[in-house]
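A short write-up of the structure that comes next.
In what follows, every chain begins at residue 1, and chains take the letters A, B, ... in the order their sequences are listed. Just so you know, these numbers use all the heavy atoms, side chains as well, and skip hydrogens, waters and symmetry mates. Fair warning: this is a prediction, and the values are worked out from it, not measured in the lab.
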There are 2 protein chains.
Amino acid sequence: MRRDVFHAVADPTRRAIITLIAQKAMTPNAIAEHFETSRQAVSKHLRILSECMLLKQKQQGREIYYQLEVKKMREIVHWLDQFRALWEKRFNQLDTVLTTMKNKKS
Amino acid sequence: MRRDVFHAVADPTRRAIITLIAQKAMTPNAIAEHFETSRQAVSKHLRILSECMLLKQKQQGREIYYQLEVKKMREIVHWLDQFRALWEKRFNQLDTVLTTMKNKKS
DNA sequence: TATAAGCGCAACTAATCGGTTTCGCAAGGG
DNA sequence: CCCTTGCGAAACCGATTAGTTGCGCTTATA
């Protein structure tokens with residue numbers, strides 16, 4: 001069983017849930033109302049998100065409020081950092097080309 | 001069959017392949033040498049990456065060189081942008097709003 | 001106190017996943 | 001010309017997935 005942020009984010013419904021509970025804590029029922037799926041399906045997604053360490057939860061009577069552990073999302077950003085240089089290199093190269101053209105003109 | 005960048009990135013082997021072919025184009029065999037798995041398994045991953053529009057390929061004789069379409073990775077970055085403001089919450093709300101406005105402009 | 005609401009958990013199902021094995025085809029090399 | 005090499009595609013396998021249905025526990029409410 002693979003449980004990491006990348007797995008959490010792979011499913012589109014899960015991404016929608018993540019976006020939903022990023023701003024404010026919500027109960028499973030409240031979340032389920034935003035989708036076509038059942039409360040139980042949402043609950044399963046919440047369990048996965050929880051196993052991926054992506055959730056903060058707070059019991060309030062018989063209701064459980066779930067909110068996103070936003071910091072955890074930065075793990076994806078960190079992995080993506082290795083590519084940032086590559087797609088910025090394109091701009092740098094373009095800059096070089098432009099500079100060269102400009103210099104040749106003058 | 002769900003084929004998007006998030007699906008591509010969900011598998012750890014696929015992430016390793018992505019990292020590998022980000023810098024320079026490689027043949028399936030050359031890629032497979034970096035892992036425990038077979039050439040065929042790598043080929044399957046390449047097919048998936050290709051369906052996710054993450055590959056550039058170039059035939060050279062009987063060899064096929066695959067390289068990462070780095071730009072496509074930015075789709076993940078764009079999705080993550082919605083959380084950036086949330087984990088930079090150490091600023092007060094006005095600062096966050098101003099930063100968001102500034103980033104959207106540039 | 002009886003009933004309803006909110007929830008997690010377990011069992012089940014069809015679909016999909018990552019991997020292997022096998023095959024066929026095209027391109028080099030002796 | 002044959003043999004090897006590099007590759008994709010298909011068939012198959014066990015494991016995992018996302019979803020459903022049904023259950024039982026706890027908490028609120030009439």
- Ignoring backbone atoms, test whether H45(B) places a side-chain nitrogen or oxygen under 4.0 Å from the OP1 or OP2 oxygen of dC17(C). no
- Should L68(A) and M73(A) count as side-chain neighbours, where that means a heavy-atom distance under 4.5 Å? yes
- Message: I need the CD-C1' distance between Q60(B) and dA26(C), as an integer number of Å.
- Response: 16 Å
- Would you say the side chain of F83(B) lies within less than 4.5 Å of the side chain of I18(A), judging by non-hydrogen atoms? yes
- Query: Counting just side-chain N and O atoms, does H7(B) come under 4.0 Å of either OP1 or OP2 of dC17(C)?
  - Reply: yes
- Query: Which distance, rounded to the nearest 0.5 Å, do you find between the CG of L54(A) and the CD of E51(A)?
  - Reply: 11.5 Å
- Taking atom C1' of dG19(D) as reference, at what distance in whole Å does atom CD of E36(A) sit? 14 Å
- Query: Roughly how far, to the nearest 0.5 Å, is the NZ atom of K44(A) from the CZ atom of R14(A)?
  - Reply: 10.5 Å
- Message: Is the phosphate of dC17(C) approached by R14(B) (side-chain N or O, under 4.0 Å from OP1 or OP2)?
- Response: no
- Query: Rounded to the nearest 0.5 Å, how far does CD of Q57(B) lie from CD of E69(B)?
  - Reply: 12.0 Å
- Note on the structure: Between L49(A) and A8(A) the two heavy atoms that sit nearest each other are CD2-CB, 3.8 Å
- Query: For the helix from dT1(C)-dA30(D) to dG30(C)-dC1(D), how many degrees between its two end axes (five pairs per end), to the nearest 10°?
  - Reply: 10°
- Message: For a quick check, with a 4.0 angstrom heavy-atom cut-off, what is the B/S/- contact string for nucleotides 1-12 of chain D, read 5' to 3'?
- Response: ---BBSBBB---
- Protein-nucleotide distance (F6(A), atom CZ; dT17(D), atom C1'), rounded to Å: 20 Å
- Item | DNA chain D: 5'-proximal contact among T37(A) and Q59(A) (nearest heavy atom) | T37(A)
- Item | Other residues, nucleotides, ligands: >12 heavy atoms within 6.0 Å of K71(A) NZ | no
- NZ/NE/NH1/NH2 to OD/OE distance under 4.0 Å, D81(A) and R74(A): no
